[in-house]
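All remarks here apply to the structure that follows.
We use all heavy atoms of the structure for the numbers below, so side chains are in, but hydrogens, waters and symmetry mates are not.
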Amino acid sequence: MGSRANGVSIGGGDRDTTTSAMNGGATVVDKGVDFANYFCTYSFLYHQKEMLSDRVRMDAYYNAIFENKHHFLGKTVLDVGTGSGILAIWSAQAGALKVYAVEATTMCEHARELVKANNVEHIVEVIGGSMEDVTLPEKVDVIISEWMGYFLLRESMFDSVIYARDHWLKPTGVMYPSHARIWVAPIRSRLTDQKMNDYEGAMDDWFCFLDETKTFYGVDMSVLTKPFTEEQRKYYLETSFWNNLHPEQIIGTAAIVKEIDCLTTTVSDVLNVRAKICSSITEEEKRLCGFGGWFDVHFRGRKENPAKQVIELTTAPSTKFSTHWGQQVFLLHPPIQTGEGDSLSVSFAIDRSKENHRLLEVEFDCNITRSSGKLLPRFTRKFYVE
């Protein structure tokens, strides 16, 4: 049983679970847990402000819309995860006939205020609810969404965009953005030593804690040393982290590990990403400290209805333009000494976390061949993108 307003049906009012594709099949995800883990963050204005202050992000979407007005003029648009509603407002200002702006959090209340304050309430209809629970009165010409998470796929919001596309996009419709790519490259970083020092410091503190607890309180807690070590190792050494890399920290050629056509990609295509890539070290005598990862998206329209002006949004390392996405850094412990001309052959994998489908697990299986032809021992490292 659902409520209906202005021709839009919002179903699932008595449901407390949703279905997410995981591990090749359907997994039931508790909506309350999913809200607490993910959606609630986006209900705060400070978080929206952070994204709205990202000039690279804002300029890319603004230019994509207003330099390709032919995709919006007189058209029906669906904004998936509208947040503050700015993409919906721009769509209306670009000439859209009708815009459905769907938002799963209480941010939808602020979006309605902004829509009214910008005099487009007769065009933009803000709908509170998750995309999977909303029924629109018509199919749309354009789906626009800023769905990208850290390393592109963290958060799994693309699932909802795919759902919207499969249910509500006309056969001739366009996706904004239309394409996406994930990149990785070998890097150097002083943070390798810092992270190891932090880990060793945490372990030193643990052993002092054991001694004090035994001495002052008569309890031997050493049996917990193994799980504590695993916990700290994961936190300091096995979890990727956000960073704004300088381009000079890239010590080898970057490689694409995943290309996405937003018009055709399925959930299964992004559920488990696999790639074999090669990279060449381009710097003399540098430590390979790990890998940096980033993404870019493009607004190209579609083959039958291309963009007049193709726009790119990139989160690659830059001296001029940084984004709130930054880059994800995957550090090696210990780092490996490399030289110009050394080649890396990497089997790369991304999987969703079994504990939280919006988080990722990334694995690098790497062979390094020296420029002399000498093969170094193969290594495998697993990281958590949390």
**Minimum-distance pair of heavy atoms, taken over all atoms of Val329 and Asn243** = CG2-CB, 3.6 Å

**Message:** side chain to side chain contact (heavy atoms under 4.5 Å, CB included) for Trp90 and Met58? Distances and angles first, verdict last.
**Reply:** CA-CA 11 Å; Trp90 285 345; Met58 294 289 281; 3.8 Å; yes

Distance-only donor-acceptor hits, side chain of residues 183-191, under 3.5 Å, sequence neighbours excluded:
residue: Trp183; atom: NE1; partner: Asp296; partner atom: OD2; Å: 3.0
residue: Arg188; atom: NE; partner: Glu248; partner atom: O; Å: 3.3
residue: Arg188; atom: NH2; partner: Glu248; partner atom: O; Å: 3.3
residue: Ser189; atom: OG; partner: Leu191; partner atom: N; Å: 3.1

**Request:** Answer yes or no: are there more than 12 heavy-atom neighbours, outside Arg274 itself, under 6.0 Å from its atom CZ?
**Result:** yes

**Test item: Arg57 side-chain N/O and Met51 main-chain N/O as donor-acceptor pair under 3.5 Å** = yes

Which atom pairs, one a donor and one an acceptor, fall under 3.5 Å between side chains of residues 59-72 and the rest of the protein, sequence neighbours left out?
residue: Tyr61; atom: OH; partner: Ser145; partner atom: O; Å: 2.8
residue: Asn63; atom: ND2; partner: Asp59; partner atom: O; Å: 3.1
residue: Asn68; atom: OD1; partner: Lys308; partner atom: N; Å: 2.6
residue: Asn68; atom: OD1; partner: Gln309; partner atom: N; Å: 2.9
residue: Asn68; atom: ND2; partner: Ala64; partner atom: O; Å: 3.0
residue: Asn68; atom: ND2; partner: Gln309; partner atom: O; Å: 2.9
residue: His70; atom: NE2; partner: Pro306; partner atom: O; Å: 3.1
residue: His71; atom: ND1; partner: Tyr176; partner atom: OH; Å: 2.6
residue: His71; atom: NE2; partner: Asn305; partner atom: O; Å: 2.8
residue: His71; atom: NE2; partner: Asn305; partner atom: OD1; Å: 3.3

**Asked** If every non-hydrogen atom of Met175 is compared with every non-hydrogen atom of Val161, which pair is closest and at what distance?
**Response** CE-CG1, 3.6 Å

**Prompt:** Atom CG of Leu313 and atom CG of Asp54: how far apart are they, to the nearest 0.5 Å?
**Reply:** 7.5 Å

**OG on Ser353 to CD on Glu386, rounded to 0.5 Å** = 7.0 Å

**Request:** Evaluate whether atom CZ of Arg55 has more than 12 neighbouring non-hydrogen atoms of other residues, nucleotides or ligands under 6.0 angstrom away.
**Result:** no

**Request:** Check step by step if side chain to side chain contact (heavy atoms under 4.5 Å, CB included) holds for Lys98 and Glu138.
**Result:** CA-CA 10 Å; Lys98 180 69 178 181; Glu138 60 183 322; 4.2 Å; yes

**Request:** Please answer whether the main-chain N or O of Leu360 pairs with a side-chain N or O of Arg154 as donor and acceptor at a distance below 3.5 Å.
**Result:** no

**Request:** Please say whether more than 12 non-hydrogen atoms of neighbouring residues, nucleotides or ligands are located less than 6.0 Å from CZ in Phe379.
**Result:** yes

**Request:** For atom NZ of Lys258, decide whether the heavy atoms of other residues, nucleotides or ligands shown that lie under 6.0 angstrom number more than 12.
**Result:** yes

**Message:** Using only atom types and a distance under 3.5 Å, with no angle test, would you say the side chain of Asp141 pairs donor to acceptor with the backbone of Thr76?
**Reply:** yes

**Asked** Considering all heavy atoms of both residues, which atom of Asp79 and which atom of Ala88 are nearest to each other, and what is their separation?
**Response** OD2-N, 3.4 Å

**Item:** Side-chain donor/acceptor of Glu103 to backbone N/O of Gly83, under 3.5 Å
**Value:** yes

**Prompt:** Does Met148 offer a backbone N or O that forms a donor-acceptor pair with the side chain of Trp325 under 3.5 Å?
**Reply:** yes

**Item:** Side chain to side chain, His179 and Ile260, heavy atoms closer than 4.5 Å
**Value:** no

**Asked** OG1/Thr380 to CG/Asp365 distance, rounded to the nearest 0.5 angstrom?
**Response** 3.5 Å

**Item:** CD1 on Ile162 to CE on Met157, rounded to 0.5 Å
**Value:** 11.5 Å

Which pairs of donor and acceptor atoms, one on a side chain in residues 284-292, lie under 3.5 Å apart (sequence neighbours left out)?
residue: Arg287; atom: NH1; partner: Asp193; partner atom: OD1; Å: 3.4
residue: Arg287; atom: NH2; partner: Asp193; partner atom: OD2; Å: 3.3

**Message:** Please check this pair: side chain of Ser343 against backbone of Ser280, looking for a donor-acceptor N/O pair closer than 3.5 Å.
**Reply:** no

**Asked** Hey, are the side chains of Leu376 and Asp342 touching, using non-hydrogen atoms and a 4.5 Å cut-off?
**Response** no

**Prompt:** Does Trp168 have its ring centroid less than 6.0 Å away from the ring centroid of Tyr100?
**Reply:** no

**Asked** Does a side-chain heavy-atom distance below 4.5 Å link Pro317 with Gln327?
**Response** yes

**Asked** Can you check whether Trp242 reaches Gln328 side chain to side chain, under 4.5 Å on heavy atoms?
**Response** yes

**Request:** Locate the shortest heavy-atom distance separating Tyr163 from Met131; write the atom from each residue and the value.
**Result:** CE2-O, 3.7 Å

**Asked** Which pair of heavy atoms, one from Lys276 and one from Ser347, lies closest together, and at what distance?
**Response** NZ-OG, 3.0 Å

**Distance in Å, Leu332 CG paired with Thr192 OG1, rounded so as to fall on 0.5 Å steps** = 7.5 Å

**Request:** Measure the OG1-CG distance between Thr264 and Asp269 for me, rounded to the nearest 0.5 Å.
**Result:** 7.5 Å

**Message:** Given 3.5 Å as the limit, does a donor-acceptor pair link the side chain of Asn118 with the main chain of Val120, or not?
**Reply:** no

**Prompt:** By ring pair (Phe, Tyr, Trp, His ring centres under 6.0 Å), which residues pair with Phe330, not counting sequence neighbours?
**Reply:** Phe151, Phe364, Phe383

**Request:** Group every Ile, Leu, Val, Met, Phe, Trp and Tyr by side-chain heavy-atom contacts under 4.5 Å, then state whether Leu359 and Tyr384 land in the same group.
**Result:** no

**Request:** May I ask you to test the Leu136-Ile127 pair for a side-chain heavy-atom distance under 4.5 Å?
**Result:** yes

**Asked** Judged by atom type as modelled, is there a donor-acceptor pair below 3.5 Å linking the side chain of Thr253 to the main-chain atoms of Ser279?
**Response** no

**Message:** Do Leu263 and Leu169 have side chains that approach each other closer than 4.5 Å (heavy atoms only, starting at C-beta)?
**Reply:** yes

**Message:** Quick check: is Val297 connected to Val310 through a chain of hydrophobic side chains (ILVMFWY, heavy atoms under 4.5 Å apart)?
**Reply:** no

**Asked** Does Val115 reach the side chain of Ile89, with side-chain heavy atoms less than 4.5 Å apart?
**Response** yes

**Fill in**
Minimal heavy-atom distance between Ser91 and Val99, with the atoms involved, is CB-CG2, 4.0 Å

**Request:** Go through Ile86 and Gln48 one step at a time and tell me if the side chain to side chain contact (heavy atoms under 4.5 Å, CB included) criterion holds.
**Result:** CA-CA 10 Å; Ile86 195 164; Gln48 295 292 326; over 6 Å; no

**Asked** Any link between Tyr235 and Phe241 through a network of hydrophobic side chains (Ile, Leu, Val, Met, Phe, Trp, Tyr) touching at under 4.5 Å?
**Response** no

**Asked** Do Leu97 and Val124 share a hydrophobic cluster (ILVMFWY, side-chain heavy atoms under 4.5 Å, transitive)?
**Response** no

**Item:** Exercise: do Ser160 and Trp147 side chains pair donor with acceptor under 3.5 Å
**Value:** no

**Request:** Determine, step by step, whether Val362 and Phe348 satisfy the side chain to side chain contact (heavy atoms under 4.5 Å, CB included) criterion, reporting the C-alpha distance in whole Å, the side-chain angles of both residues, the deciding distance to 0.1 Å, and the verdict.
**Result:** CA-CA 8 Å; Val362 173; Phe348 175 86; 3.5 Å; yes

**Asked** Within a radius of less than 6.0 Å around NZ of Lys49, do more than 12 heavy atoms belonging to other residues, nucleotides or ligands occur?
**Response** no

**Item:** Heavy-atom side-chain proximity of Ser84 to Leu114 below 4.5 angstrom
**Value:** yes

Which pairs of donor and acceptor atoms, one on a side chain in residues 207-215, lie under 3.5 Å apart (sequence neighbours left out)?
residue: Thr213; atom: OG1; partner: Phe209; partner atom: O; Å: 2.7
residue: Thr215; atom: OG1; partner: Asp211; partner atom: O; Å: 2.8

**Asked** Can you get from Tyr217 to Leu224 by hopping between Ile, Leu, Val, Met, Phe, Trp and Tyr side chains that sit under 4.5 Å apart?
**Response** no

**Item:** Which residues share a side chain to side chain contact (heavy atoms under 4.5 Å, CB included) with Arg233, sequence neighbours left out
**Value:** Tyr199, Leu237, Glu238

